[in-house]
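Quick one: this structure, given as structure tokens, is what I'll be asking you about.
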Amino acid sequence: MPELPEVEGVVRSLRPIATGKTIQSVDVSETIITSKANGKEAIIKGADVDVFKEALPQMTIERIDRRSKYIYFHLVKDGIPHLLVSHLGMSGAWFYVRNLHEIEEEKFKRHSHVIFHLEEGDMLVYADIRRFGELRLLESEADHPPLLLMAPEPFDQDALDHYLAMSILPKYENKAIKEFIMDGHVVSGCGNIYATEALFRLRMHPARKVKRISKERKIQLFNEIVIVLLDSIENGGSTISDYRSINGEAGNMQNRLQMYGKKNCPICGRKTLQKTIGGRTSTYCGACQK
DNA sequence: AGCATCGACCGGCGGC
DNA sequence: TGCCGCCGGTCGATG
């Protein structure tokens, strides 16, 4: 599951090889063409396949950035800027290859859904096993309002104040802390893995109500989130289930996780507990986390 | 108006 | 072996 650190890894790998390249043509898989023809919003969001395919040729990739869990491809054509927004969903991955056979894992190769043909035969391939990801072509961020509602980047100077301000709003104060920190309007890029880890590091129970947490503890929790996100970026992200970096590279952070996916608490050895919080499976230690 | 819940998007895989 | 149903990030529609 790609969260902020995994997306950062993808962007850092992609940036040096794809920046400056111009898109020649776009191929879309039959699977996606059929889904879209049946009125489904499969991967390519907010535009028909034909419109998407015809718009992209001759656009040059000027810059690649990460914003929360999204990849922003800043494009330009005839001096006019465009923005291709990519979200990996549960199982999306990018590959930079000359031939689809270079995608070694069969399950990704089989689900190569959108292929951007670049110069000199290079291809930028978006593969997505479960098709929860998205590609959205915009003129700018402002054309898709949800993007404007995302919390600041967690490493930005205003992120802590934003999080604290949200924590005292009526709609959030009765929520479980884990659901709160996983809300992209509160903290950017913190999904199940890193929310689980940050709460464990602070020995905080994931179901604790936001309003039952002191300001000091809230600040400590925010700091732990930043620490685990940065630690994960340094370690190449967590390769769990269907996440891959560019060209199938694996990260190392999964070996550093203390609670996510664990059967026993690393502190006291007791069996960990699982509880659904905010609709997501949450792992924690009933003895160590209060 | 603002909030809560639900459905949509899916294939892999665990469990029976 | 084969099939059923769970899982999940995010948005938009519905209540």
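Below, chains carry the letters A, B, ... as their sequence lines are ordered, and counting in each starts from 1.
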Atom-to-atom span, CG of A/D183 to C1' of C/dT10 - whole angstrom: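 About 10 Å, once rounded to whole Å.
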Matching residue for A/E8 among A/R67, A/R66, A/K69 - test: salt bridge (Lys or Arg N to Asp or Glu O under 4.0 Å):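 Only one option passes, and that is A/R66.
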Ignoring backbone atoms, establish whether A/T281 has a side-chain N or O less than 4.0 Å from OP1 or OP2 of C/dG8.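 Checking A/T281 against C/dG8: at least one side-chain N or O falls below 4.0 Å of OP1 or OP2.
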Nucleotide N/O to protein N/O under 3.5 Å, stretch nucleotides 7-10 of chain B:
residue, atom, partner, partner atom, Å
B/dC10, OP1, A/S35, OG, 3.4
B/dC10, O4', A/R130, O, 3.3
B/dC10, O3', A/R131, NH2, 3.2

Based on the rotation axes of five pairs at each end, what angle does the helix from B/dC3-C/dG15 to B/dC16-C/dG2 bend through, to 10°?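 Its terminal axes enclose an angle near 60°.
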If I take atom CD1 in residue A/I71 and atom P in nucleotide C/dT10, what distance separates them, rounded to the nearest angstrom?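 Whole-Å distance recorded here is 13 Å.
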Return the value, rounded to whole Å, for the distance between atom CG of A/L88 and atom C1' of B/dG11.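 It works out to 17 Å between those atoms.
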Is there a side-chain polar atom (N or O) of A/H87 under 4.0 Å from OP1 or OP2 of C/dT10?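 A/H87 to C/dT10 OP1/OP2: side-chain N or O found under 4.0 Å.
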Step by step, would you call A/Y194 with A/S232 a side chain to side chain donor-acceptor pair (under 3.5 Å)? CA-CA 9 Å; A/Y194 301 110; A/S232 182; 2.7 Å; yes
State yes or no: do A/M204 and A/V210 share one hydrophobic cluster built from I, L, V, M, F, W and Y residues joined by side-chain heavy-atom distances below 4.5 Å, directly or via other members?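 Cluster IDs for A/M204 and A/V210 match.
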Gap between atoms CE and P, on A/M182 and C/dT10 respectively (whole Å):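 From A/M182 CE to C/dT10 P: 8 Å.
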Give me the one residue out of A/E62, A/R63, A/H82 that meets side-chain hydrogen bond (donor to acceptor under 3.5 Å, both in side chains) with A/H74.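 Looking at A/E62, A/R63, A/H82, the match for A/H74 under the side-chain hydrogen bond (donor to acceptor under 3.5 Å, both in side chains) is A/R63.
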Spacing between A/Q274 atom CD and B/dG14 atom C1', to the nearest angstrom: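 One finds 14 Å between C1' of B/dG14 and CD of A/Q274, rounded.
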Heavy atoms, side chains only, cut-off 4.5 Å: are A/V11 and A/D65 in contact?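 Heavy-atom side-chain distance check fails, nothing below 4.5 Å.
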Would you mind reading off the distance between A/E106 atom CD and B/dG12 atom C1', rounded to a whole angstrom?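 Going from CD in A/E106 over to C1' in B/dG12 covers 14 Å.
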Among A/R131, A/R136, A/K36, exactly one meets salt bridge (Lys or Arg N to Asp or Glu O under 4.0 Å) together with A/E41. Which residue is that?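 Going through A/R131, A/R136, A/K36 one by one, the salt bridge (Lys or Arg N to Asp or Glu O under 4.0 Å) with A/E41 is satisfied by A/K36 alone.
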Write down the atom of A/S91, the atom of A/F108, and the distance for their closest heavy-atom approach.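 Shortest heavy-atom contact: O-CE2, 3.8 Å.
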What nitrogen or oxygen pairs link the protein and nucleotides 11-15 of chain C at under 3.5 Å?
residue, atom, partner, partner atom, Å
C/dC11, OP1, A/Y70, OH, 3.4

So, A/K262 versus A/T272: side-chain donor-acceptor pair below 3.5 Å or not?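 A/K262 vs A/T272: no donor-acceptor pair found between side chains.
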For A/H111 and for A/K171, locate the closest nucleotide of DNA chain B by heavy-atom distance; then report the residue assigned to the nucleotide nearer the 5' terminus.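 Counting from the 5' end, the first nearest nucleotide belongs to A/K171.
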Any salt bridge between A/K21 and A/E119, counting N to O under 4.0 Å?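 No.
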What integer distance in Å separates A/L169:CG from B/dA1:P?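 It works out to 19 Å between those atoms.
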Nucleotide B/dG11, atom P - distance to NZ of A/K109 in whole Å: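 Distance check: A/K109 NZ to B/dG11 P gives 19 Å.
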Could you tell me if the side chain of A/L83 sits less than 4.5 Å from the side chain of A/E139, heavy atoms only?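 No, their side chains stay 4.5 Å or more apart.
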Just do the side chain to side chain contact (heavy atoms under 4.5 Å, CB included) check on A/L135 and A/F116 with the steps written out, would you? CA-CA 12 Å; A/L135 290 172; A/F116 299 84; 4.2 Å; yes
